[in-house]
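Since the structure comes first, as structure tokens, the remarks are kept for the end.
Counting convention: from 1, in listed order, for ligands and their atoms alike. The structure presented is a predicted model; accordingly, all values stated were derived computationally and were not measured.
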Amino acid sequence: MDKTAEKVLALAEKYRSATAENLARLVKLKSTSGKEQEVAAELQRQMREARFDSVRLDGLGSVHGRVGHGKRLLAIDAHIDTVDQGNLENWSEEPFSGRIRDGFVHGRGSVDQKGGAAAMVTAGRILKELGLPNELSVLFTGTVMEEDCDGLCWKYIIEEEKIRPEMVISTEPTALGIYRGQRGRMEMQVSFKGLSAHGSAPERGKNAIYMGAHACLEIEKLNEHLHHDDFLGKGSITVSEFVSGSPSLCAVADFARIHLDRRLTVGETKETALAEVRALVAGQPASVEVLAYREKAYTGKEYGMEKYYPTWTVERNHPAVTRAEGVFRQLFNKEARVDKWTFSTNGIAITGIHGIPCIGFGPGDEVMAHAPNEKIAIDDLVKASAFYALYALNMK
Ligand SMILES: [Zn+2]
């Protein structure tokens, strides 16, 4: 093993329990989307303790910790919000315990994805000790509101904070594989305008529920014929809600609306997905729209975006990916698994909207994400912290 990889691994090992304890502290602070204030404060404290060169909050309340003063910028991202606990009966212990036991840290957010946050803080600590290449800075971001609107925090960083790193490593769980893409998604709704009439004489009206019901069955068929990509798999569409309205329960319904969850594979865009649905309802009194997200961050700042989260991939032989494979080989003396996420990440804004290469490498298995009895192996945290540090050192 080369000398640098050896030093990095030794330091990651030295900080094993500090990393696990930092994660336990983050898990204990419940932080659903838009309520990340306390966990953001704790993450800043951990970055200061690790002697980062600067630590601050942006307008949305995401944490920005920097190591180094160079012009080239590598960003490493962990979102610090989590989903709620769900049904308590499915948990064998308290969801926010942050308990360290049997080589694991337990609790909601340990895998998705405060584990990544704790590992990257240790990476920053290692880089402070070993020193970065002069021309490089590393920005460690603890981002907010991801579970509610993936990518929004990074849209803000790029468009409002005017920060454009040359590439980003997402620390979302990959079970220590190197990920280079995900399917995109979008949320659409179709509204049908009917004509009400007395329920005793339905032939006088136009029932919007029937229009919506026909469209639902067409959408079920459409799902079978969507585009397939060898790497990301097939696009999909499903109806996730049906709402209707009528002047009375003794009247023909004059309104119906369906909500569509569309997953997009390579080659499918907002335009193609909209056109498919518009074609299904052509000639009917129906309107199709892409929904918008708009919420207040815990800082009070209101921000939003269209609910279109573009598909993204980074080429298999892109330097961001091959460098990651080299780092993995140096540290662990074997070949990395290169794959993709099933779920959606901040990559939709970083690469999908803004074309900045993003790769994933994270501790923990994505199957544990949003599941009860979530827990993460401390070994994964140690390996991930070594990986991030060596990745930065290999940016030369
Ligand atoms: Zn996540």
### Task
Mind telling me whether Tyr156 and Tyr303 have parallel, tilted or perpendicular rings, with 30° and 60° as the class edges?
perpendicular
### Query
Is the Zn ion (ligand 1) less than 2.8 Å from at least one N/O/S atom of Glu172?
yes
### Message
Assess, by modelled atom type and distance only, whether the side chains of Glu147 and Thr32 contain a donor and an acceptor separated by less than 3.5 Å.
### Response
no
### Query
Do the two ring centres, one from Phe192 and one from Phe255, sit under 6.0 Å apart?
no
#### Entry: Thr174 side-chain N/O to Gly362 backbone N/O, donor-acceptor pair under 3.5 Å
yes
### Query
Name of the Asp112 N, O or S atom nearest the Zn ion (ligand 1)?
OD1
### Message
If I take every N, O or S atom of Glu146, is at least one of them less than 2.8 Å from the Zn ion (ligand 1)?
### Response
no
